[in-house]
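Each chain gets a letter, A, B and so on, in the order the sequences are listed, and its residues count up from 1.
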Amino acid sequence: MDGKLFTTHLLDWYRVNGRDLPWRRDPSPYAIWISEIMAQQTQMDRVVSYFTRWMDRFPDLITLARAKEEDVLKSWEGLGYYSRARNIQRSAAILVREHGGVFPSDPAVIRALPGVGPYTAGAVASIAFGLPEPAVDANVLRVFARLLDLDSPVSEAPVRRTVEQAVRSLIPAGNPGDFNQALMELGALVCSRRPGCTQCPVASHCLARAAGVAESRPVIRPRRDVLRIEMASGVLLHQGRVLIQKRRPDDVWPGLWEFPGGCVEQGETPRQALVREFREEVELAVEPLEKLTVITYAYTRYRVTMHCYLCRYVGPREPQPVFNEAVAGGFVSPERLHDYAFPAGHRRLIEFLEQDSRLIKPFSADSLS
DNA sequence: GACACGTGGTA
DNA sequence: TTACCAAGTGT
């Protein structure tokens, strides 16, 4: 491949077609770092609104390091992979404590931050500091799987090394950041799952196109099967307030809040599961009343059907939950639910509740019991 | 290397 | 409706 010509074609295309993303206007190391962490395993279009709100709320490392975890998670709510938010805050604390609040330019130091792997380290080093480091993401893997007509699954380590080498050999000394972003932008806008070879600025360099196999690149290894599970969640209302709990840091949805509930076991009805889960998780006896709604959602390899019930407390005294499966919890006013970060499925349950007049106006104490 | 970790858009 | 999958990292 003629590297000089390839790079010229690619950068010329990028100057015309590159998107006007907010962090491209002021590519500070902090902004680039945040945008790259947010963009992991999602699409840039989805990141923009989160990024704008984040920079408004946490404009610099000091502010972020001092922020409450609760506020950080609330700002991350809906983006998924919530350990990223925790790692960002851990990193901010490290950078303030050990680097005087100045973002480091050394790729090895960037790479050592929690949540920063080879891709993000290369992206920040090249985009924010102009260093000639490769930033190989799924876009770049796909682009080079076609350019070089690679017939091995792109998830294999040797393919990644091949692509990193190829990027290193092509990366221009003048603007490595634009080069890396141009490769990713090409993958996102032109060389996507359905390759748009007719609009591609580097089609003349592409071996897969020459061989007529661009559509069958990259080679993808088959995924693991999806698991379907049934769950039950309970909205326990007591004197106009609702019970929620905060999930453990080592579990799925670390630090997020939820309505108590759990998996429906074999031979169990959702109602029975709910009674059992409330007993196990919060040591409360409850009675599921009406079924509110059924919510289906997916996370990682699970496809969940969540049966949602309105519940009431059945007991002699005031309910005193014991949080066996959570790090915190309590009864909160429905109006305050939006202060807490919830997983997507529970957020949809809250949306449903907000359309229920009984919850929008706080209950009178005796309307259910 | 395999697996866990979330979510919403797209075909 | 189902399946795929996206600016990946940690264990």
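Within the nucleic acid shown, Y82(A) comes within 4.0 Å of sugar-phosphate atoms alone, with no base atom in reach, counting heavy atoms only. Here A123(A) lies out of heavy-atom contact (under 4.0 Å) with every strand. Among the heavy atoms of the strands lying under 4.0 Å from V116(A) are primed sugar atoms or P, OP1, OP2 only; no base atom is included. R247(A) comes within contact range of no nucleotide atom at all, as no heavy-atom separation falls under 4.0 Å. Here I37(A) lies out of heavy-atom contact (under 4.0 Å) with every strand. Within 4.0 Å (heavy atoms only), R142(A) reaches sugar-phosphate atoms of the nucleic acid but no base atom. Using a 4.0 Å heavy-atom distance criterion, Q181(A) is classed as making no nucleic acid contact. Using a 4.0 Å heavy-atom distance criterion, R160(A) is classed as making no nucleic acid contact.
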Only distances under 3.5 Å count here; give the side-chain donor-acceptor pairs of residues 107-135 of chain A to other protein atoms, sequence neighbours excluded, each with its distance to 0.1 Å.
unit_1: R111(A); atom_1: NH1; unit_2: V116(A); atom_2: O; d: 2.9
unit_1: Y119(A); atom_1: OH; unit_2: E36(A); atom_2: OE1; d: 2.6
unit_1: T120(A); atom_1: OG1; unit_2: Q40(A); atom_2: NE2; d: 3.0
unit_1: S126(A); atom_1: OG; unit_2: G122(A); atom_2: O; d: 2.8
unit_1: S126(A); atom_1: OG; unit_2: A123(A); atom_2: O; d: 3.2
unit_1: S126(A); atom_1: OG; unit_2: N180(A); atom_2: ND2; d: 2.9

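Between W76(A) and the phosphate of dG6(B), there is no side-chain N or O to OP1/OP2 separation shorter than 4.0 Å. Taking side-chain N and O atoms only, T120(A) has a distance below 4.0 Å to OP1 or OP2 of dT9(C). Side-chain N/O atoms of R84(A) include none lying less than 4.0 angstrom from OP1 or OP2 on dG6(B). At the phosphate of dT7(B), neither OP1 nor OP2 sits under 4.0 Å from any side-chain N or O atom of R347(A).
Minimum heavy-atom separation, H338(A) to E335(A): CE1-O, 2.7 Å.
For R111(A), the listed nucleotide lying nearest its side chain is dG10(C); candidates were dG10(C), dC5(C), dG8(C).
Summarising the geometry, the separation between CE on M38(A) and P on dT7(B) is reported as 15 Å, rounded to the nearest angstrom.
We find that R271(A) and E287(A) are not joined by a salt bridge, their nearest charged nitrogen and carboxylate oxygen being 4.0 Å or further apart.
Less than 4.0 Å separates DNA chain B from at least one heavy atom of each of the following residues of residues 299-308 of chain A: Y299(A), T300(A), R301(A).
Residues passing the side chain to side chain donor-acceptor pair (under 3.5 Å) test with T63(A) are D60(A), sequence neighbours excluded.
For the ring-ring contact (aromatic ring centres under 6.0 Å, His included) test with H346(A), the passing option among W257(A), W253(A), F259(A) is F259(A); the others fail.
Of the two residues near DNA chain C, Q41(A) and I220(A), the one whose nearest nucleotide lies more 5' is I220(A).
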